[in-house]
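We count ligands from 1, going down the list as the structure has it; atoms in each ligand are counted the same way. What you are looking at is a predicted structure, and each value in this text was computed from that prediction instead of being measured. Residue numbers count from 1 along this sequence.
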Amino acid sequence: MNKESGAILVLSGPSGAGKSSLINKIIKDIGPTYFSISTTTRAMREGEIDGVDYHFVSEEVFAQDIEAEMFLEYAVVHGNHYGTSLGPVKTALKEGKLVIFDIDVQGNDAVQNRLGDITTSVFITTPTLKELNKRLVNRSTDSDEVIANRLEMAKREVQRISEYDYLIVNDDLDEAAEILVSIAKAARMKIPTLQINEFIQMWEAQA
Ligand code: 5GP
């Protein structure tokens, strides 16, 4: 069966688990994709670019966007607002692309509720909490307090791994990337309920 519409791949996991490195590594190997750029109210980190890493906005602008129903989902993470814009996602899905989200557990929950039949979800984490701590310290983009918050958050997030289709323990980047490529290719083939019904009708009509 040839799929005409796209599909969604949700990636969640603690900051520092290596989601961005993994995405960058596999993006050229998984066919047409659209990586959803979220909107956030958090401060820009060194090296980040507005419109590339995130759309960085004020709380006022974020509130206006909520009011205008611009978001597929939005949540408060580490005390800042993050949201996924609906418009570009709809366009990419119509173009048959695999839409990739890097969102937290709350975002996954919302996307599963709205678009579960075309969504595959993956939780990515380090082998241990200790390793996560080490990576966050080595990244040295955050203060000790921010790192402590992120570790606490990570402990809560791993409690919800069972809400995901797959778990990738990112110990070896090459190995984790290979697994993610397989999952992304399979995610693209997920068939929306509507298309299954159409297929059955067409299949039966040609007796
Ligand atoms: P960071 O500030 O480290 O870039 O991201 C912090 C957390 O926010 C990560 O777990 C990331 O997946 C999550 N996040 C980023 N964008 C969104 C979004 O649009 N919606 C939701 N629900 N979470 C997001």
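- Separation of atoms CD (E198) and CD1 (I191) is listed at 11.5 Å; rounding is to 0.5 Å.
- For F56 and F62, the ring centers are positioned 6.0 Å apart or more.
- A salt bridge does not link K25 to E178: none of the charged nitrogens lies less than 4.0 Å from a carboxylate oxygen.
- Within the structure, ring pair (Phe, Tyr, Trp, His ring centres under 6.0 Å) pairs that include any residue of residues 24-53 do not occur (at least two apart or interchain).
- Expressed to the nearest 0.5 Å, how far OG of S36 lies from CG of L9 amounts to 12.0 Å.
- The residues lining ligand 1, counting any heavy atom closer than 4.0 Å, are G13, S15, K19, S38, R42, R45, Y54, E73, A75, V77, H78, Y82, G83, T84, D102, I103, D104, G107, R150.
- Taking CD1 of I103 as the reference point, atom OH of Y74 lies at 14.5 Å (rounded to 0.5 Å).
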